[in-house]
Protein chains: 2
Amino acid sequence: MTEQLKTYFANNFQTTTAEIEQVVSAFKEKIVKKNETLILKGDTCRYTYFVCKGSVRAYFIDDEGQEATRYIAFENQFITTIHSFISQTPTNEFIEATEKAVLLEISYGDFKRITEETSLARDLYKRQLEVAYMTNHWRLESFLKMSAKQRYDFLLQTNPAIIQRLSNKIVASYLGITQESLSRIKAQK
Amino acid sequence: MTEQLKTYFANNFQTTTAEIEQVVSAFKEKIVKKNETLILKGDTCRYTYFVCKGSVRAYFIDDEGQEATRYIAFENQFITTIHSFISQTPTNEFIEATEKAVLLEISYGDFKRITEETSLARDLYKRQLEVAYMTNHWRLESFLKMSAKQRYDFLLQTNPAIIQRLSNKIVASYLGITQESLSRIKAQK
DNA sequence: GAAAAACATTGACAAATGATAAAAAATCAC
DNA sequence: GTGATTTTTTATCATTTGTCAATGTTTTTC
């Protein structure tokens with residue numbers, strides 16, 4: 001499975017084979033079942049995950065017990081609770097597998113070490129931050145100027161995998177609406 | 001006015017006086033009137049601004065002509081359309097002064113140059129990205145799990161300057177609701 | 001494969017928010 | 001300062017979205 005990460009680095013970063021080997025060797029394979037939890041609210045996030053197969057989501061639970069999904073990572077995407085991982089402080093999010101998944105994980109200590117050792121790891125951090133920023137930016141934009149139905153159509157265009165592969169419950173929590181509202185939106189098409 | 005930026009760097013970054021001088025010398029003062037536009041949708045964003053006095057906002061206009069405010073910078077904060085600035089591609093946002101303001105601006109070319117020359121500028125970029133990420137993250141979280149009224153109360157707690165210093169029109173566009181809804185929310189307290 | 005659990009849909013109703021219009025208040029321009 | 005312009009408030013009504021409850025469907029578990 002490390003082949004997949006090597007290919008990912010080779011395709012997306014300006015780097016060398018040696019650097020790739022060094023960075024990838026810091027990752028360990030982890031296999032998780034559907035619904036298995038990787039990080040709990042209150043934990044300090046100790047790992048960043050690269051998704052080889054399957055999918056993983058980050059979500060909040062509010063005071064009334066309602067879930068709200070912030071981000072969903074599919075194949076060849078990274079996921080972590082960035083702020084908690086970087087600052088090593090407790091997170092207010094959960095991370096769990098939304099399908100059975102094969103992951104590669106890297107610990108905070110190892111990440112810090114290879115960040116000092118390789119420019120690939122530094123670039124990776126910058127890229128992760130940029131991608132995370134852009135993702136939230138688009139999401140925020142969609143909440144600021146779209147109705148629930150418009151957000152659904154937009155999601156169908158820009159990230160259909162979420163709708164195709166995951167349950168309505170999760171799609172609804174990603175769109176910030178109830179399952180019932182999502183059911184109605186889908187029915188009226 | 002460059003004193004203010006020097007103090008800001010000295011207080012918030014691990015750096016040297018020489019580096020601060022070098023970075024700050026790349027900024028130029030710019031005075032703008034209230035409602036003056038700094039960046040138009042479709043422009044490639046050529047500057048990053050540091051707010052010395054006053055306030056500046058970044059906002060979208062949707063198909064129906066409705067404004068939605070993404071970010072508001074007050075004293076000692078930076079503002080730009082990060083993605084457009086970094087990639088030098090057109091932005092879909094506007095940036096304008098929400099009060100008369102004194103700014104320090106740095107061009108893309110100068111920013112790129114001092115990023116190569118000083119670690120302070122590199123740290124500044126990383127910090128800007130982290131702050132921008134966290135800001136959007138909180139904003140997204142508030143849309144995912146709060147009602148309009150809850151978002152208003154949350155804003156009053158976490159960033160009262162927006163409510164105290166700016167018009168209802170802008171506050172409403174920041175909360176993603178209509179002015180009339182905001183009026184009602186304020187009345188029912 | 002059957003029972004249990006989780007998930008999805010539908011309907012009736014309630015609550016929140018938007019749209020429109022008009023009046024009141026505040027601000028701006030000269 | 002005064003009239004014009006913009007912003008804010010208020011009211012009414014329409015639409016969207018949420019809540020609750022019932023039922024049907026799918027998935028999980030043993």
Side-chain angles (χ1 to χ4, degrees), chain A residues 32-37 54-55 57 59 61-69 72 94 96-101 142-156 162-189, chain B residues 32-37 54-55 57 59-69 72 96-101 142-156 162-189:
Chain A
V32 288
K33 282 179 272 188
K34 184 173 175 176
N35 297 325
E36 192 170 328
T37 298
S55 58
R57 70 170 175 142
Y59 66 102
I61 297 185
D62 70 16
D63 313 324
E64 289 99 47
Q66 299 277 23
E67 291 182 6
T69 299
I72 302 171
F94 296 79
E96 73 169 23
T98 36
E99 302 172 306
K100 67 184 172 188
S142 78
F143 278 99
L144 278 168
K145 50 188 221 189
M146 293 180 195
S147 67
K149 168 122 181 54
Q150 287 172 316
R151 290 203 298 280
Y152 176 83
D153 291 339
F154 181 70
L155 185 61
L156 199 56
I162 290 180
I163 293 170
Q164 287 155 4
R165 288 167 55 172
L166 305 181
S167 69
N168 271 6
K169 195 180 162 186
I170 290 175
V171 175
S173 89
Y174 186 85
L175 291 171
I177 58 178
T178 60
Q179 283 177 244
E180 293 91 336
S181 289
L182 177 57
S183 244
R184 270 181 238 133
I185 284 168
K186 288 170 81 171
Q188 82 189 56
K189 298 205 67 134
Chain B
V32 289
K33 282 180 271 188
K34 184 173 174 175
N35 297 326
E36 191 170 329
T37 298
S55 58
R57 71 171 174 142
Y59 65 102
F60 315 99
I61 297 186
D62 70 17
D63 313 325
E64 289 99 47
Q66 299 277 22
E67 290 182 6
T69 299
I72 302 172
E96 74 169 22
T98 36
E99 302 171 307
K100 67 185 172 188
S142 77
F143 277 99
L144 279 168
K145 50 186 221 189
M146 294 180 196
S147 67
K149 167 120 182 55
Q150 288 172 315
R151 292 202 299 280
Y152 177 82
D153 291 339
F154 181 69
L155 185 60
L156 199 55
I162 290 179
I163 292 170
Q164 285 154 6
R165 288 168 55 173
L166 305 180
S167 70
N168 272 5
K169 195 178 161 187
I170 290 175
V171 175
S173 88
Y174 186 85
L175 290 171
I177 57 178
T178 61
Q179 284 176 244
E180 293 89 341
S181 290
L182 177 56
S183 244
R184 268 181 299 214
I185 285 168
K186 289 171 81 170
Q188 83 190 56
K189 301 205 64 131

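Residue numbers begin at 1 in each chain, while the letters A, B, ... track the order of the sequences. All of these numbers come straight from a predicted model, not from anything done at the bench.
For A:Glu180, there are no salt bridge (Lys or Arg N to Asp or Glu O under 4.0 Å) partners at least two apart in sequence or on another chain. Taking the side chain to side chain contact (heavy atoms under 4.5 Å, CB included) definition, one finds that A:Lys169 meets it with A:Ser167, A:Gln179, sequence neighbours left out. In this view, A:Ser173 and A:Thr69 satisfy the side chain to side chain donor-acceptor pair (under 3.5 Å) rule, not counting sequence neighbours. Residues satisfying the side chain to side chain donor-acceptor pair (under 3.5 Å) criterion with A:Glu36, sequence neighbours excluded, are absent altogether. For the side chain to side chain donor-acceptor pair (under 3.5 Å) test, residues two or more places apart in sequence or in another chain that qualify with B:Asn168 are B:Lys186. The side chain to side chain donor-acceptor pair (under 3.5 Å) test applied to B:Glu99 returns B:Ser55, B:Arg165, not counting sequence neighbours. Take A:Ala97 and apply the side chain to side chain contact (heavy atoms under 4.5 Å, CB included) test, not counting sequence neighbours, and it matches A:Val32.
Side-chain contact check for B:Glu96 versus B:Tyr59: some heavy-atom pair is nearer than 4.5 Å. Annotation: side chain of A:Tyr152 is in contact with side chain of A:Ile163 (closest heavy-atom distance under 4.5 Å). Side chains of B:Lys34 and B:Thr98 form no contact here, defined as non-hydrogen atoms less than 4.5 Å apart.
Atom CE in A:Met146 sits roughly 16 Å away from atom P in C:dG18 (whole-Å rounding). Note: CG (A:Asn168) to C1' (C:dA6) measures 13 Å, nearest angstrom.
Mapping heavy-atom proximity under 4.0 Å, the span of DNA chain D touched by chain B runs 5' to 3' from D:dT7 to D:dT12.
Across all strands shown, A:Ser183 has heavy atoms under 4.0 Å from base atoms, whether or not it also approaches the sugar-phosphate.
Listed candidates were C:dC7, C:dG11, C:dT17. Nearest to the side chain of A:Arg184 is C:dG11.
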For this session: Kindly indicate, with the supporting measurements, whether the criterion side chain to side chain contact (heavy atoms under 4.5 Å, CB included) is fulfilled by B:Ile185 and B:Ile177.
Result: CA-CA 11 Å; B:Ile185 285 168; B:Ile177 57 178; 3.9 Å; yes
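For residues 171-179 of chain A, proximity to DNA chain C is found at A:Gln179, defined as any non-hydrogen atom under 4.0 angstrom from a strand atom.
The line from CG of B:Leu175 to CG of B:Leu182 is 6.5 Å long, rounded to the nearest 0.5 Å.
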For this session: Mark up nucleotides 21-30 of chain C, 5' to 3', with B wherever a protein heavy atom is under 4.0 angstrom from a base atom, S wherever such an atom reaches only the sugar-phosphate, and - elsewhere.
Result: -------S--
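Cation-pi check for A:Arg151 over A:Phe154 is not met; the charged atom does not lie both under 6.0 angstrom from the ring centroid and within 45 degrees of its normal.
Comparing the helix axis at one end of the helix from C:dG1-D:dC30 to C:dC30-D:dG1 with that at the other, each defined from 5 consecutive pairs, gives an inter-axis angle of 70° (nearest 10°).
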